[in-house]
Amino acid sequence: MSIDSGFVDYRALARASVQTMHPYVGGKPVEEAQRELGLTHMVKLASNENPLGPSKKVTDAVMACLSETNRYPDGNGFYLKQQLAEFYGVEPSMITLGNGSNDVLELIASAYLDQAYSAIYSEHAFVVYHLAVARAGAKAKVSPAKNYSHDLDAMLALVEENTRVIYLANPNNPTGTYFSHASLVNLLDQLPKTILVVLDEAYAEYVEKEDYPDSLTLLKKYNNLIVTKTFSKAYGLSGFRVGFSLSHPDIADMLNRVRQPFNVTLPSLVAAQAALGEQKYLEESVVMNQAGMQQLTEGLQALDIEFIESVGNFICFKPGRNATEVNNDLLRLGVIVRPVANYAMSDFLRVSIGLPAENVEFLKQLKKVLNR
Ligand SMILES: *Cc1c(COP(=O)(O)O)cnc(C)c1O
């Protein structure tokens, strides 16, 4: 069927900033891959999800709340904020809840950016920064990366009079690289206090490095710092969409003005509270990730495949031949990984760490695809 637009170009009617946005490309859903390829069993290692899934405590708590879903959720997320405040040792007034931390990244742009301002983020950085900045109509200044890592000095060099926000991913997705406490302090000390520094810590729970930033301590000293976190990754709640930021209460006040009044659903609030209360499950997830990271890096080394050292729950590797073809070959063999050409890394693919058996399956099929 051809859809007649009546000779009106509806793309051209959109705001100029929206016309320049690249659509977000997510990991291929299992159902879609199965439908397209006629396969019954697939291993999805494409979206940095926790392969253990949600815990029984989470699913029980969610089931129990379903009979109340005729009511609106608490738009202020009182109990979740209470619990987060206690867990992180902050005031509830410093917390902004989001429909995933993506939402919070967008709220920051909505509240603080427009055509009059510029925002800085790094080459190869998480693509949502581009989307948020573009949608707000602000100017994006993209700093060059150094060995696929954020180069904080290069970011500092891009600061101009009207710079309002800097987005930092630590660790970054898709590269898995991180920067240290000392380098962050160095940046914060040199920046004007009118520039908001967004520190995206979506994968912080996985990081085991001594010199990883202690962002909660930094929050006390730097009022322009906004730390974002999520229940989507190590907590295993991607499907619920819950994230949040910690910031100065005045910033949180502004972010809360621009969010949708009920941006986190009732089951999601309940799920996040249950997950936060179950740190043991988180620890198990992290331990399993460490073992999986070792399994995958050793496997890649054995196949003589180059990869970027990662502190997250995923690895970017260079298959050595056309990455799009390798991706398609893996799909046909039932393994979903993530192409990262939209990150200016067209030679790479990203694989998430899965269950031990899923990691074995990935390595086995990759070996087959590459004839090694
Ligand atoms: C996955 C991810 C997020 C968060 O996603 P939500 O599910 O919206 O919380 C944020 N930043 C980075 C770098 C990510 O990879």
Side-chain angles (χ1 to χ4, degrees), residues 24-27 29 44-51 53-54 58 77 80 84 95-110 119 121-133 135 145 148-150 165-179 197-207 212-213 215 226-246 255 259-260 263-265 267-269 271-272 275-276 282 285 289 308 310-316 337-340 342-343 345 348 350-353:
Y24 181 81
V25 187
K44 185 188 177 203
L45 300 173
S47 299
N48 302 345
E49 296 146 339
N50 183 334
V58 166
L80 177 57
L84 283 168
I95 302 172
T96 306
L97 298 179
N99 191 256
S101 56
N102 267 13
D103 190 22
V104 182
L105 298 169
E106 293 270 0
L107 296 179
I108 294 164
S110 301
Y121 52 83
S122 172
E123 181 187 18
H124 313 307
F126 186 45
V127 71
V128 168
Y129 314 149
H130 153 75
L131 295 173
V133 172
R135 192 164 80 166
Y148 298 102
S149 301
H150 285 20
V165 178
I166 296 184
Y167 284 100
L168 303 171
N170 202 34
N172 182 44
N173 169 21
T175 57
T177 54
Y178 83 105
F179 52 81
V197 177
V198 181
L199 185 62
D200 178 348
E201 295 195 334
Y203 302 94
E205 292 83 3
Y206 289 116
V207 184
Y212 185 70
S215 55
I226 306 176
V227 179
T228 67
K229 291 177 175 287
T230 183
F231 284 95
S232 295
K233 305 290 161 53
Y235 282 100
L237 304 184
S238 307
F240 281 106
R241 317 301 305 121
V242 196
F244 59 96
S245 64
L246 307 175
L255 301 184
R259 71 177 171 81
Q260 287 182 35
N263 62 337
V264 186
T265 68
S268 303
L269 290 169
L276 190 63
L282 180 80
S285 303
N289 189 67
I308 303 171
S310 168
V311 295
N313 65 342
F314 53 90
I315 308 173
C316 262
V337 296
R338 185 71 157 267
V340 285
N342 57 329
Y343 286 95
M345 296 174 68
F348 286 86
R350 191 193 70 196
V351 61
S352 307
I353 289 159

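Just so you know, these numbers come straight off a predicted model, no measurement behind them. First listed ligand is number 1; within each ligand, the first listed atom is number 1.
- The side chain of Ser232, and not its backbone, has at least one atom closer than 4.0 Å to an atom of ligand 1 (non-hydrogen atoms only; side chain from C-beta on).
- Atoms of ligand 1 lying under 4.0 Å from any heavy atom of Gly100, numbered from 1 in the order shown and given with element: 6 (P), 8 (O), 9 (O).
- Note: Tyr167 and Tyr129 have parallel aromatic rings, judged against thresholds of 30 and 60 degrees for the angle between ring planes.
- Between Tyr203 and Lys229 there is no side-chain heavy-atom pair separated by less than 4.5 Å.
- Nearest protein neighbour of atom 8 (O) of ligand 1, counting heavy atoms only, is Arg241 NH2, 2.7 Å.
- The protein atom (non-hydrogen) at minimum distance from atom 11 (N) of ligand 1 is Asp200 OD2, 2.6 Å.
- Counting only heavy atoms from C-beta outward, the side chains of Phe126 and Asn172 approach each other to under 4.5 Å.
- Val207 is listed as a side-chain neighbour of Pro171, based on a closest heavy-atom distance under 4.5 Å.
- Judged by the shortest distance from any of its heavy atoms, Ala202 lies inside the 4.0 Å radius around the atoms of ligand 1.
- On a distance-only criterion, Ser101 and ligand 1 share at least one N/O pair closer than 3.5 Å.
- Listed by atom number, the atoms of ligand 1 under 4.0 Å from Asn173 heavy atoms are 13 (C), 14 (C), 15 (O).
- Both the backbone and the side chain of Asn102 come within 4.0 Å of ligand 1, judged by heavy-atom distances.
- Within the 4.0 Å heavy-atom criterion, the part of Tyr203 lying near ligand 1 is the side chain and not the backbone.
- Val242 and Thr230 get closest at one heavy-atom pair: O-OG1, 3.4 Å.
- In terms of N/O distances under 3.5 Å, ligand 1 is approached by Thr230.
- Checked by distance only, ligand 1 and Asn48 stay at 3.5 Å or farther apart across all their nitrogen or oxygen atoms.
- From the protein, the heavy atom lying nearest to atom 1 (C) of ligand 1 is Lys233 NZ, 1.3 Å.
- Note on ring orientation: taking the six-membered ring where Trp is involved, the planes of Tyr235 and Phe231 are tilted (angle from 30° to 60°).
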